[in-house]
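Notes for the one structure printed next.
Proteins get letters first, then strands, A, B, ... in listed order; numbering begins at 1 in each. In what follows, every heavy atom counts, from backbone to side chain, and hydrogens, waters and symmetry copies are set aside.
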Number of protein chains: 4
Amino acid sequence: MARPRTRSRVHEAVLALARDTPIGSMSMEGIAARAGVSKQTLYRTWPSVGAILFDALLARSVDEHGAVTVPDTGDLAGDLAALAEATVAELTDPLQEPLLRGVTAALQADRALAAQYRDLLLRPQLAGIADRLRRGGVDDPDDVAELFVGAILHRWLLRNGTFDRGWVRRHVARTLRGAGDSGVG
Amino acid sequence: MARPRTRSRVHEAVLALARDTPIGSMSMEGIAARAGVSKQTLYRTWPSVGAILFDALLARSVDEHGAVTVPDTGDLAGDLAALAEATVAELTDPLQEPLLRGVTAALQADRALAAQYRDLLLRPQLAGIADRLRRGGVDDPDDVAELFVGAILHRWLLRNGTFDRGWVRRHVARTLRGAGDSGVG
Amino acid sequence: MARPRTRSRVHEAVLALARDTPIGSMSMEGIAARAGVSKQTLYRTWPSVGAILFDALLARSVDEHGAVTVPDTGDLAGDLAALAEATVAELTDPLQEPLLRGVTAALQADRALAAQYRDLLLRPQLAGIADRLRRGGVDDPDDVAELFVGAILHRWLLRNGTFDRGWVRRHVARTLRGAGDSGVG
Amino acid sequence: MARPRTRSRVHEAVLALARDTPIGSMSMEGIAARAGVSKQTLYRTWPSVGAILFDALLARSVDEHGAVTVPDTGDLAGDLAALAEATVAELTDPLQEPLLRGVTAALQADRALAAQYRDLLLRPQLAGIADRLRRGGVDDPDDVAELFVGAILHRWLLRNGTFDRGWVRRHVARTLRGAGDSGVG
DNA sequence: AACTAACCGAGACGGTACGTCATGTCTTAGG
DNA sequence: CCTAAGACATGACGTACCGTCTCGGTTAGTT
């Protein structure tokens with residue numbers, strides 16, 4: 001609904017605020033001020049701060065076009081490790097982390113937003129991973145994808161420790177073992 | 001700092017509100033009103049809504065005394081399945097779910113609260129599971145516990161589907177396979 | 001800054017409260033509620049209860065337009081007596097008295113308000129009286145005006161007795177004698 | 001009711017606060033803290049901040065024992081001028097002014113306090129002046145005392161200018177002329 | 001010397017108000 | 001016509017005081 005120009009100004013503002021201020025204190029008012037846009041313009045397009053955060057996230061993904069691009073070199077374990085590293089990098093990137101945490105928090109209270117998030121971001125990402133697993137010969141790729149992503153998210157979301165390289169390698173091995181063995185890649 | 005009477009009144013109020021109103025709309029003011037307590041009394045003891053939610057959660061765990069009691073019948077797979085069922089029941093219990101989602105959301109923006117949560121609730125729970133796994137002959141019980149819990153949390157938190165009995169059974173099997181085989185229990 | 005509609009609603013509210021409740025208990029919150037106006041709207045225009053009281057007083061004076069209209073019949077003593085009676089009537093009018101006491105109290109603690117009061121209300125009133133005195137042939141009209149008003153204010157403000165007709169007559173005579181005698185009117 | 005030790009500690013606290021902080025912001029809580037006394041102790045003896053201020057004022061007068069001591073040298077005009085100078089000095093003394101303004105403000109909203117003030121401070125002071133005037137041959141000494149004090153109070157209370165020596169001299173002359181001429185002293 | 005009051009500090013408590021900020025709606029000008 | 005600017009009612013924020021209410025400890029005068 002908003003003009004592309006307005007949209008991008010809002011996205012920039014949101015990213016800037018995510019970098020500079022605590023996530024919890026982001027407000028429609030603050031975003032409007034930072035974007036040099038009136039509050040009304042914001043409300044005309046987005047119903048809440050969470051929705052704006054999500055939209056900014058989405059725009060980022062779409063720009064770089066195509067949610068997760070899972071590598072496929074033929075070496076499944078290696079590819080998964082690379083993917084895990086990339087995911088961890090994204091989750092802990094100082095620019096992205098606040099955004100992601102903000103959206104995750106918003107999801108807990110806003111079912112509509114949760115549905116959008118699931119359909120437009122989460123499912124495509126999981127599907128990408130599942131596809132790679134399937135090509136690697138894994139039998140129940142959807143569930144294994146969940147297993148793979150779940151532990152990473154758990155650790156990140158509940159702030160239960162950091163992600164070192166060793167952990168990632170072991171995690172991949174464990175996940176593949178859980179997958180039932182499976183082929184070589 | 002607060003008198004026990006006050007504390008329990010606040011906990012009751014918080015539980016009642018969690019049941020009756022959307023989580024996101026819980027406020028210090030609303031809690032005070034519902035508990036028949038003054039705002040200042042709230043602030044004297046808790047710095048935020050999230051802290052109250054967490055305290056209520058903690059009180060619940062402590063009352064029933066001893067965080068997670070992991071069953072130990074000698075049948076590891078069976079015990080894990082029972083534990084998973086119990087966890088899922090808790091996560092989807094209409095009384096507890098809003099509380100848990102509220103706390104999880106708060107953790108994203110409040111590092112101090114996250115640290116408390118980690119030390120007082122999360123770690124003990126994971127340690128309980130890891131102990132059971134260790135007794136079952138699992139080599140790296142901490143990581144496997146994370147794998148076990150991670151997928152459940154991922155599905156619940158991002159609202160990516162429901163938990164049917166079949167899924168739980170398969171999840172346990174997958175986790176144990178990931179554990180490297182392992183003993184019989 | 002506030003819209004005229006808002007302004008007048010606030011003035012009405014303040015007058016109503018001054019009539020119905022003890023002055024000391026007037027609050028921004030109470031005024032807002034009575035006026036059907038938000039607190040923010042109040043603060044956007046007035047910094048304190050005292051400022052609102054003063055503004056209401058000012059509006060009253062301005063509406064009836066032209067602060068004090070000192071009578072001039074040629075009979076100075078008579079005119080001063082009439083003026084004194086009018087002043088006393090105003091000071092003891094159940095509707096105005098609380099307002100005036102409230103403002104006077106506020107002046108003691110708020111220098112900015114005191115300056116406004118002096119410039120916009122007090123000085124014009126004294127000047128009006130001084131003019132009449134000057135036309136009556138009084139030499140130092142400003143100081144005599146102060147003498148005239150001072151005793152009245154002293155009695156009223158410190159609640160040191162009432163104002164009967166005899167006292168007023170004698171006060172005028174004394175003041176004029178103090179003026180040095182002077183002309184006839 | 002309070003022990004003398006407590007009383008004096010409270011008085012000291014009030015004087016210190018009057019010196020250091022804006023009058024309007026004096027509170028029971030603040031006084032208690034400054035005096036190292038509990039709130040309950042305060043309330044047991046004084047019903048309000050105004051009452052404490054007044055009590056401190058009273059204690060000061062009583063300590064130096066005997067409210068106003070009007071000089072009597074035989075030269076009425078000179079004595080009045082000296083008295084006026086002393087009064088002005090007191091009113092503008094940085095230590096006393098805030099106290100006096102605070103009490104005056106409190107009087108406007110508290111009739112009980114006003115009555116106490118009138119009987120214990122104001123009337124004795126006026127009586128002292130009236131006595132001196134009577135001894136000087138003035139006919140209606142009470143009213144003239146009011147005239148004398150009124151203008152000073154008016155100027156001070158409404159912050160309508162300063163008190164220079166010339167003004168005081170002229171004010172005394174004017175007052176005495178108002179007194180009907182009178183004797184020489 | 002022991003007893004008995006009254007006085008006292010400390011501070012939790014239910015409240016009211018403070019002054020500020022954000023929400024979502026609506027109105028008013030200006031480009 | 002769309003927009004920024006911003007007034008507005010609403011309501012929550014976190015803080016400060018209010019006046020009341022225990023709770024123990026400590027002065028003082030009695031006995």
Side-chain angles (χ1 to χ4, degrees), chain A residues 1-3 5-6 9 24-33 35-50, chain B residues 1-7 9-10 24-49 51, chain C residues 1-7 9-10 21 24-33 35-49 51, chain D residues 1-7 9-10 21 24-33 35-49 51:
Chain A
M1 208 179 204
R3 299 207 286 233
R5 171 73 189 281
T6 301
R9 282 215 281 174
S25 67
M26 214 176 297
S27 67
M28 293 297 255
E29 197 126 348
I31 296 169
V37 140
S38 86
K39 283 201 306 176
Q40 204 48 249
T41 299
L42 247 48
Y43 280 108
R44 221 176 284 125
T45 306
W46 299 276
S48 66
V49 173
Chain B
M1 211 177 206
R3 303 209 279 233
R5 170 73 189 279
T6 301
R7 237 181 120 91
R9 284 214 279 174
V10 169
S25 67
M26 213 177 297
S27 65
M28 290 299 254
E29 201 126 9
I31 295 169
R34 179 77 168 232
V37 140
S38 83
K39 281 203 305 176
Q40 199 54 35
T41 297
L42 247 46
Y43 281 108
R44 223 177 282 128
T45 305
W46 300 277
S48 67
V49 172
Chain C
M1 212 177 205
R3 303 209 277 234
R5 169 75 188 276
T6 300
R7 235 181 121 92
R9 284 213 280 174
V10 169
T21 64
S25 67
M26 214 177 296
S27 66
M28 291 299 254
E29 201 127 6
I31 295 169
V37 139
S38 83
K39 282 202 304 177
Q40 199 54 36
T41 298
L42 246 46
Y43 281 107
R44 221 177 283 125
T45 306
W46 299 276
S48 66
V49 172
Chain D
M1 209 174 203
R3 300 204 285 232
R5 170 75 188 280
T6 301
R7 242 178 110 95
R9 284 214 280 173
V10 168
T21 65
S25 67
M26 215 177 297
S27 65
M28 292 297 255
E29 198 127 352
I31 296 169
V37 139
S38 85
K39 283 202 304 176
Q40 201 51 248
T41 299
L42 247 47
Y43 280 108
R44 223 177 282 126
T45 306
W46 300 276
S48 66
V49 172

#### Entry: Partners meeting side-chain contact (heavy atoms from CB on, under 4.5 Å) with D:Ser27 (sequence neighbours left out)
D:Glu29

### Query
Who pairs with B:Arg34 by salt bridge (Lys or Arg N to Asp or Glu O under 4.0 Å), at least two apart in sequence or on another chain?
B:Asp20

### Query
Residues in side-chain hydrogen bond (donor to acceptor under 3.5 Å, both in side chains) with B:Thr41, at least two apart?
B:Ser38

#### Entry: Set of residues satisfying side-chain hydrogen bond (donor to acceptor under 3.5 Å, both in side chains) with respect to B:Arg9, sequence neighbours excluded
none

### Task
For C:Thr6 and for D:Arg3, find the nucleotide of DNA chain F with the closest heavy atom, then tell me which residue's nucleotide is more 5'.
C:Thr6

On a heavy-atom basis, which atom in [X] and which in [Y] lie closest, and how many Å separate them?
X	Y	result
C:Met28	C:Trp46	CE-O, 3.6 Å
C:Thr45	C:Pro47	O-CD, 4.2 Å
B:Ala35	B:Val10	CB-CA, 4.1 Å
C:Val49	C:Met26	CG2-O, 3.9 Å

### Query
Which part of the nucleic acid does D:Arg9 contact within heavy-atom distance under 4.0 Å: base, sugar-phosphate only, or nothing?
sugar-phosphate

### Task
Summarise protein proximity over nucleotides 17-22 of chain F in one line of letters, 5' to 3': B for base, S for sugar-phosphate only, - for none, counting protein heavy atoms closer than 4.0 Å.
BBBBB-

### Outermost DNA chain E nucleotides near chain A [under 4.0 Å, heavy atoms]
E:dA22 to E:dC26

### Message
Please report the distance, rounded to the nearest Å, between CG in C:Leu42 and P in F:dA7.
### Response
14 Å

### Message
Looking at C:Thr41, I'd like to know whether one of its side-chain N or O atoms comes within less than 4.0 Å of OP1 or OP2 on F:dA9.
### Response
yes

